[in-house]
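One structure is given below, represented as structure tokens, and several questions about it will come after.
Numbers restart at 1 for each chain; the letters A, B, ... are given by sequence-line order, proteins then strands.
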Protein chains: 2
Amino acid sequence: MPTTFATPADFAAALDKLPMANGVLELAARRRQEQLTKPPGSLGKLEDIAIWLAGWQADGKPSAENMEIAIFAGNHGVTAQGVSPYPSTVTEQMVANFKSGGAAINAIADSLELGLRIVTLKLDQPTVDISTGPALSEEEALEALNAGAGTPHSETDVLILGEMGIGNTTIAASLAAAALGGRGKDWAGPGTGHDNAGVARKAAVIDTALARASRSGEMSAFETLRQLGGRETAAIAGAILGARLKRIPILLDGYVVTASLAPLFKANPRIVDHCLAGHVSAEPAHAKLLHRMKLDPILNLGMRLGEGTGAALAASIVRAAVATHNKMATFKEAAVENRPDAG
Amino acid sequence: MPTTFATPADFAAALDKLPMANGVLELAARRRQEQLTKPPGSLGKLEDIAIWLAGWQADGKPSAENMEIAIFAGNHGVTAQGVSPYPSTVTEQMVANFKSGGAAINAIADSLELGLRIVTLKLDQPTVDISTGPALSEEEALEALNAGAGTPHSETDVLILGEMGIGNTTIAASLAAAALGGRGKDWAGPGTGHDNAGVARKAAVIDTALARASRSGEMSAFETLRQLGGRETAAIAGAILGARLKRIPILLDGYVVTASLAPLFKANPRIVDHCLAGHVSAEPAHAKLLHRMKLDPILNLGMRLGEGTGAALAASIVRAAVATHNKMATFKEAAVENRPDAG
């Protein structure tokens with residue numbers, strides 16, 4: 001059954017009562033790691049990832065075979081304010097590029113044997129310019145959330161989230177500021193390639209949008225996503241919550257995906273428990289956002305493309321974590337002497 | 001033809017006249033990157049890796065299909081000084097574990113479809129304790145160097161270097177100190193899991209070895225590897241130089257592999273040009289060593305196992321770099337509008 005939220009209150013209620021990882025399975029995985037033929041802790045983050053997956057995947061044996069990337073694409077009225085060096089038409093052109101296999105994410109998905117799904121959200125209907133009014137009506141926001149919430153398939157071991165949308169680093173910065181505080185200048189960056197003047201213009205647009213939205217008082221997660229978000233950011237938020245309800249772990253991509261999670265994090269910080277940050281992007285505010293949300297990125301490759309590219313690369317690390325956890329011999333099995341002081 | 005150095009002078013001569021990357025092919029790869037459907041530079045380190053590979057692989061189209069891990073294993077007389085919490089017998093037991101497929105590197109190599117070769121270097125003949133005398137005779141050192149130099153196959157796209165040898169972080173620290181200056185405390189760390197007292201003991205052993213070796217005056221790369229190294233560290237140095245002569249790019253693993261390169265770096269800093277650092281390990285001096293040798297690691301996963309595990313994980317990043325470079329559509333091919341100010 002796809003997950004559907006009938007009302008904003010349904011969404012808020014689901015966010016309030018999140019299922020948690022299975023601590024018993026997590027502990028069993030930790031015990032197994034201690035028996036494998038390596039000095040304790042020497043696989044670093046691989047050990048953490050395997051133990052974390054074991055806690056979320058209820059059969060106790062972590063798996064990362066079936067991994068799928070979902071890219072959410074949307075268009076943004078705020079591009080009228082000159083917040084991107086690329087025209088809005090590029091969103092649809094890049095979606096065509098994804099579909100014909102010519103984008104970076106296609107090459108990476110093929111290379112790593114990852115599934116790839118493109119979810120386009122009414123590209124011919126850009127959201128309202130957030131500096132002039134709420135991006136979406138309640139109905140529209142709910143529709144986008146549910147488009148995302150229905151995305152995770154039960155058979156997916158790990159869901160990788162990516163996005164495409166000209167102008168959406170401005171949207172991301174607005175969501176981050178609304179959820180975590182601060183102003184436009186704290187969260188705006190070069191995006192696809194702005195100079196300093198361009199970044200300052202983005203920051204001013206974000207400040208105008210924040211001032212406008214704040215007139216409606218304290219905002220819920222839903223209201224933040226509706227007022228300052230886009231269709232793809234609402235869909236990403238829906239996908240994260242939908243995946244949580246099915247206990248499907250998530251690999252987050254860059255700034256836009258992480259910022260889509262920020263309003264949910266403000267409402268319930270435990271929402272990040274089933275999420276791993278695939279990478280930290282070169283967009284300067286991404287590192288700050290991850291730090292504030294207590295997410296420790298797997299990769300740092302100076303990337304800033306989106307499309308799910310950074311998270312997709314991290315999939316190979318997750319697979320290696322699972323492979324070592326499941327396939328390594330124990331000291332006993334391999335007849336390797338453990339250190340004399342080992343228990 | 002396998003590369004063989006008949007004398008230490010042959011080795012020094014090869015190190016003195018290194019072949020360099022093809023700048024024309026490198027530039028052509030850089031031009032191609034600028035035309036691919038992404039904002040310029042947005043693939044970060046992936047772009048650098050693809051361009052670097054194109055410069056070393058003479059056919060102008062980077063390839064990372066055929067990647068092989070070579071693990072060099074040796075035993076060390078210095079273990080008599082209590083420099084490792086594990087007994088020396090574990091080296092051979094772990095080699096058996098590699099051969100039967102139960103080690104971390106086996107799981108990772110399988111997961112990423114990487115070839116794996118184990119090169120054992122007279123495990124029944126540990127080197128002389130470096131705190132009491134030169135580790136190897138000239139003949140022994142040359143034999144180990146040549147065992148490594150003969151390793152790279154011409155058909156290998158990228159060679160991944162790993163090692164196994166109880167006690168060899170003490171050897172690595174001695175090589176690093178001899179090549180780059182400093183004392184035992186500057187280069188010794190917990191290795192497979194020493195406490196502070198254990199690290200201090202290692203540092204004192206290293207200082208004794210450095211004082212002993214320095215009595216023979218300024219040391220060449222060969223002499224450093226002979227006086228303070230092990231069979232596997234000499235073989236790694238040989239493999240790096242042997243690969244360079246065949247223009248085969250190298251992925252370096254952790255502290256021991258990088259330290260094996262340090263004496264070569266002192267003799268000719270351009271030796272690192274065909275090398276990428278796969279990761280920075282949790283062994284504290286590894287980051288310092290990489291920094292001093294101007295190597296920027298691809299991954300930082302808190303690993304400290306050796307066996308080539310960190311470098312092997314980086315292989316998937318290298319493959320993704322090649323996949324994006326070779327398979328992405330250009331703006332023109334995909335009919336995607338470039339930014340108006342693009343050339």
Applying a strict 4.5 Å limit to non-hydrogen atoms, the region of B/Ala335 in contact with chain A is backbone
Max heavy-atom pairs within cutoff under 4.5 Å with chain A, candidates B/Gly306, B/Ala107, B/Gly310, B/Ala321, goes to B/Ala107
So, the part of B/Pro85 with a heavy atom under 4.5 Å from chain A: the answer is both
Comparing B/Gly193, B/Gly191, B/Ala96 against chain A, the one with the most heavy-atom pairs below 4.5 Å turns out to be B/Gly193
All heavy atoms of A/Met303 vs all of B/Leu43, minimum pair found to be CG-O, 3.5 Å
From the list A/Ala282, A/Ala312, A/Gly101, A/Gly41, the residue making the most non-hydrogen contacts under 4.5 Å with chain B is A/Gly41
Between the CG atom in B/Leu305 and the CG atom in A/Leu36, the distance rounded to the nearest 0.5 Å is 11.0 Å
Counting heavy-atom pairs under 4.5 angstrom with chain B, the leader among A/Ala103, A/Pro87, A/Gly44 is A/Gly44
Sequence neighbours excluded, the answer for side-chain contact (heavy atoms from CB on, under 4.5 Å) partners of A/Ala277 is A/Leu290, A/Leu295, A/Pro297
Short of 3.5 Å, which donor-acceptor contacts do chain A and chain B share? List atoms and distances.
from     : atom 1 : to       : atom 2 : distance (Å)
A/Thr37  : OG1    : B/Asn97  : ND2    : 2.9
A/Pro40  : O      : B/Arg304 : NH2    : 2.8
A/Ser42  : O      : B/Arg304 : N      : 2.8
A/Lys45  : N      : B/Leu301 : O      : 2.8
A/Thr89  : OG1    : B/Glu337 : OE2    : 2.6
A/Gln93  : OE1    : B/Glu337 : N      : 2.9
A/Gln93  : NE2    : B/Glu337 : OE2    : 2.8
A/Asn97  : ND2    : B/Thr37  : OG1    : 2.9
A/Gly102 : O      : B/Ala329 : N      : 2.7
A/Gly193 : O      : B/Arg339 : NH1    : 3.1
A/Gly193 : O      : B/Arg339 : NH2    : 3.1
A/Leu301 : O      : B/Lys45  : N      : 2.8
A/Arg304 : N      : B/Ser42  : O      : 2.8
A/Arg304 : NH2    : B/Pro40  : O      : 2.8
A/Ser316 : OG     : B/Ser316 : OG     : 2.7
A/Ala329 : N      : B/Gly102 : O      : 2.7
A/Glu337 : N      : B/Gln93  : OE1    : 2.9
A/Glu337 : OE2    : B/Thr89  : OG1    : 2.6
A/Glu337 : OE2    : B/Gln93  : NE2    : 2.7
A/Arg339 : NH1    : B/Gly193 : O      : 3.2
A/Arg339 : NH2    : B/Gly193 : O      : 3.2

Honestly, the part of B/Ile298 sitting under 4.5 Å from a heavy atom of chain A is both
To the nearest 0.5 Å, atom CG of A/Leu299 lies from atom CD1 of B/Ile317 at 5.0 Å
